[in-house]
Amino acid sequence: MRVEIWSDIACPWCYIGKARFEKGLAAFAHRDDVEVVHRSFELDPHRAKGDTGPVLEMLAKKYGRTLDEARAMEAHVASNAHAEGLEYLADGRDHGNTFDIHRLLHLARERGRQNELLDLAYRANFAEERSVFDAETLVTLAVEAGLDETEVRGVLADETAYADAVRADEREASELGANGVPFFVLDRRYGVSGGQPAEVFTQALEQAWQGRALQPVGAADAEACGPDGCEVPPRG
């Protein structure tokens, strides 16, 4: 059985959702027969390459909040991450265009190192003070994941490399009705949206394994990120 996961490295609920999915998968009796493929989804595809800035300032501007309110929003996400055993920096991170990261993830998939690179990129972005929007950092992460440095630099230097693969993933997400991430498709039978609890993923895997028709699983209001941003708690 194949599980396809649409996500973006800039999405905190994708980071958390991946951890929850993996816990759900670990509880699934047929876990060794599940192939996981990560697909591309850009939350901010129109942002210019090299245009980076602090996450807190971006959140405050997007939602019309103060910096203190933006910090509270990040603290809410951080508490969810910590509950899953994940490290999370609620301050000091930056935000930017993720297209190059997605291109490298397609290279990594061809080389059998996609999950390794994704984990390293998530950790660098959310748990360490390492900018994933810097080319040299991306090279370092890719090499740590087991990719060849010369090949990685070649992909980054050629803006057309794997560009079509990224765009194809994004078109397919749209065709499947995914307007936010994380978005999980299980064997093209079940769609699971958002960072659901681990037990929801286990249930979805069991139902997909039984071969039922495609339908949504889990709470419709699970936290996710979309073109308008990530779910945030209401004021006051």
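All residue numbers refer to positions in the sequence shown, counting from 1.
Between R39 and V185, every side-chain heavy-atom pair lies at or beyond the 4.5 Å cut-off. F41 is not listed as a side-chain neighbour of C11, based on a closest heavy-atom distance of 4.5 Å or more. The shortest side-chain heavy-atom distance between M73 and R65 falls under the 4.5 Å cut-off. Looking only at side-chain heavy atoms (C-beta outward), D68 and R71 come within less than 4.5 Å of each other. Inter-residue side-chain proximity for W13 and P182 is flagged as met; some heavy-atom pair is nearer than 4.5 Å. In this structure, the side chains of V3 and L205 come closer than 4.5 Å at one or more pairs of heavy atoms. Contact annotation: the side chain of F133 never approaches that of D51 to less than 4.5 Å [non-hydrogen atoms, C-beta and beyond]. Between E144 and R113 the shortest side-chain heavy-atom distance does not fall below 4.5 Å.
To the nearest 0.5 Å, atom CG of residue L138 and atom CG of residue L105 are 9.5 Å apart. One distance of note links CD of E136 with CG of L141; it measures 11.0 Å at 0.5 Å rounding. Rounding to the nearest 0.5 angstrom, the gap separating the CD atom in E159 from the CZ atom in R103 is 6.5 Å. Atom-to-atom distance recorded for R189:CZ and R2:CZ is 13.5 Å, nearest 0.5 angstrom. Taking CG of L156 as the start and CD1 of I101 as the end, the distance is 10.0 Å to the nearest 0.5 Å. A distance of 11.5 Å separates OG1 of T98 from CG of L104, quoted to the nearest 0.5 Å.
Using a cut-off of 4.0 Å between Lys/Arg side-chain N and Asp/Glu carboxylate O, E87 and R123 are scored as not salt-bridged. Electrostatic pairing of E172 and R188 counts as a salt bridge here, judged by a charged N lying under 4.0 Å from a carboxylate O. Remark: K18 engages E22 in a salt bridge, criterion side-chain N to carboxylate O under 4.0 Å. Salt bridge R47/E42: absent, no basic N to carboxylate O contact under 4.0 Å. With respect to the salt-bridge test (charged N to carboxylate O, under 4.0 angstrom), the residues E149 and R153 qualify.
For the residue pair F201 and G194, the shortest heavy atom distance occurs at CZ-O, 4.0 Å. What you find for E35 and V37 is that their closest heavy atoms are OE2-CG2, 3.7 Å. Taking every heavy atom of both residues into account, H102 and D8 meet most closely at NE2-OD1, 3.1 Å. Nearest heavy-atom pair, G24 versus T202, reported as atom, atom and distance to 0.1 Å: O-OG1, 2.8 Å. Listed here is the closest heavy atom pair of T137 and D134: N-OD2, 2.9 Å. The heavy-atom pair separating G17 from F184 by the smallest distance is O-CZ, 4.0 Å.
Connection of L186 to V36 is established within a shared hydrophobic cluster, with ILVMFWY side chains joined at heavy-atom distances below 4.5 Å, either directly or through further cluster members. Residues V132 and L56 are members of separate hydrophobic clusters, defined by side-chain heavy-atom contacts under 4.5 angstrom among Ile, Leu, Val, Met, Phe, Trp and Tyr. Cluster annotation: L120 and L107 are assigned to the same hydrophobic cluster (Ile/Leu/Val/Met/Phe/Trp/Tyr, side-chain heavy-atom contacts under 4.5 Å, transitive). Follow the hydrophobic side-chain contacts under 4.5 Å out from L86 and you reach L118 in the same cluster. In the hydrophobic cluster analysis, where Ile, Leu, Val, Met, Phe, Trp and Tyr join through side-chain heavy atoms closer than 4.5 angstrom, L117 is grouped together with V155.
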For this session: Tell me, with the steps shown, if E199 and R20 meet salt bridge (Lys or Arg N to Asp or Glu O under 4.0 Å).
Result: CA-CA 9 Å; E199 57 269 23; R20 291 175 176 172; over 6 Å; no

Problem set entry | Derivation and outcome, side-chain contact (heavy atoms from CB on, under 4.5 Å), residues D33 and M1 | CA-CA 6 Å; D33 297 310; M1 185 166 70; over 6 Å; no

Exercise. Given L176 and W6, is the side-chain contact (heavy atoms from CB on, under 4.5 Å) satisfied, shown in steps?
Worked result: CA-CA 11 Å; L176 290 169; W6 274 264; 3.6 Å; yes

Exercise. Hey, mind stepping through I9 and Y122 against side-chain contact (heavy atoms from CB on, under 4.5 Å) and telling me if it holds?
Worked result: CA-CA 6 Å; I9 199 67; Y122 273 141; 3.2 Å; yes

For this session: Run the numbers on D94 and T52 for side-chain hydrogen bond (donor to acceptor under 3.5 Å, both in side chains), then give the verdict.
Result: CA-CA 6 Å; D94 57 2; T52 61; 4.7 Å; no

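For the pair Q207 (side chain) and Y190 (backbone), a donor-acceptor distance under 3.5 Å is absent.
Within a 6.0 Å sphere centred on CG of D164, other residues, nucleotides and ligands contribute 12 heavy atoms or fewer.
In this pair, F28 and W209 present their aromatic rings perpendicular. The plane angle is above 60°, beyond the 30 to 60° band.
Residues Y162 and E110 have side chains that bring a donor and an acceptor to within less than 3.5 angstrom of each other.
Only one option out of E151, H106, E116 pairs with R111 in a side-chain hydrogen bond (donor to acceptor under 3.5 Å, both in side chains); it is E151.
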